[in-house]
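Here's the structure, in structure tokens; my notes come after.
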Amino acid sequence: MDGQALHEVALRTALALPATEETQPFGEGAIVVKVVGKMFVMTTELRGVPIVNLKCAPPHGAALVRDLAEVTPGWHMDKRHWITLSPGPAIDEVLVEDLVANAWDLVVAGLPRARRPLDPMRGV
């Protein structure tokens with residue numbers, strides 16, 4: 001997957017989930033998607049290369065970093081709880097969609113029960 005498609009799939013998927021909003025708290029060039037005010041996805045560029053930072057469960061993130069060259073510990077983020085996706089052959093649309101949905105799930109699970117949005121399409 002190329003960088004433009006990586007950004008497009010990540011943003012399209014994130015913004016289709018309930019209670020999400022697009023923000024730019026770090027200025028132009030970095031789009032952050034939040035659920036109920038909590039960040040779970042960021043698209044930006046690193047040295048001219050489009051990247052996506054995602055919240056990720058530590059064991060899952062460690063396995064992805066180990067197995068895929070395009071996945072690294074989160075750039076400018078907590079290296080244990082965030083991963084960075086870069087363009088490349090191992091990254092496809094299904095993987096990006098799954099990782100974005102998982103990031104949303106992680107953040108929602110950490111919210112107080114009364115503030116958690118429901119996703120009727122996913123049973124969450």
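Numbers here simply count residues along the sequence, with the first being 1.
Under the 4.5 Å side-chain heavy-atom criterion for ILVMFWY residues, no single connected hydrophobic cluster contains both V107 and M39. No path of Ile, Leu, Val, Met, Phe, Trp and Tyr side chains, each step under 4.5 Å between heavy atoms, connects V71 with I51, placing them in separate hydrophobic clusters. Residue V96 is grouped with residue L68 when hydrophobic side chains (ILVMFWY) are merged at heavy-atom distances under 4.5 angstrom, including chains of intermediate members. Tracing side-chain contacts under 4.5 Å through hydrophobic residues (I, L, V, M, F, W, Y), one reaches I83 starting from L95; they form part of the same cluster.
Considering only residues two or more places apart in sequence or on other chains, R12 meets the side chain to side chain donor-acceptor pair (under 3.5 Å) condition with E93, E97. Partners of H81 under the side-chain contact (heavy atoms from CB on, under 4.5 Å) rule, at least two apart in sequence or in another chain, are K55, P58, D78. In this structure T84 satisfies the side chain to side chain donor-acceptor pair (under 3.5 Å) test together with N53, sequence neighbours excluded. Among residues two or more places apart in sequence or in another chain, the side-chain contact (heavy atoms from CB on, under 4.5 Å) test is passed with A62 by none. Applying the side chain to side chain donor-acceptor pair (under 3.5 Å) test to E8 and every residue at least two apart in sequence or in another chain returns Q4. A search for side-chain contact (heavy atoms from CB on, under 4.5 Å) contacts involving V49 returns P87, not counting sequence neighbours. The side-chain contact (heavy atoms from CB on, under 4.5 Å) check on P25 picks up T23, V32, with sequence neighbours excluded.
The distance from atom CH2 of W104 to atom OG1 of T13, rounded to the nearest 0.5 Å, is 13.5 Å. Distance check: M1 CE to I91 CD1 gives 8.0 Å after rounding to the nearest 0.5 Å. Rounding to the nearest 0.5 angstrom, the gap separating the CG atom in L99 from the CG atom in L54 is 6.0 Å.
Across every non-hydrogen atom of T44 and G29, the tightest pair is OG1-O, 3.1 Å. In plain terms, the two heavy atoms of P50 and L6 that are nearest each other are O-CD2, 4.1 Å. Closest non-hydrogen pair, A57 versus L106, comes out as N-CD1, 3.2 Å. A pairwise comparison of heavy atoms in L17 and F40 identifies CD1-CE1, 4.3 Å as the closest pair. Considering all non-hydrogen atoms of both residues, L64 and C56 come closest at CD1-SG, 4.4 Å. Contact record, T43 with A10: CG2-CB, 4.4 Å, taken as the closest heavy-atom pair.
Within the structure, the salt bridge (charged side-chain N to carboxylate O under 4.0 Å, His left out) test picks out no pair touching residues 19-32 (sequence neighbours left out). Sequence neighbours left out, not one pair with a member in residues 32-44 passes salt bridge (charged side-chain N to carboxylate O under 4.0 Å, His left out). Within the structure, no pair that satisfies the side chain to side chain donor-acceptor pair (under 3.5 Å) test touches residues 60-76, not counting sequence neighbours.
Side chains of F26 and M42 form a contact here, defined as non-hydrogen atoms less than 4.5 Å apart. Side-chain atoms of S86 and L46, non-hydrogen and from C-beta on, never get closer than 4.5 Å to each other. When side chains are defined from C-beta on, L11 counts as touching I31, because their heavy atoms get closer than 4.5 Å.
Residue V41 forms a side chain to side chain contact (heavy atoms under 4.5 Å, CB included) with just one option from V52, T20, L15, V35, and that option is V52.
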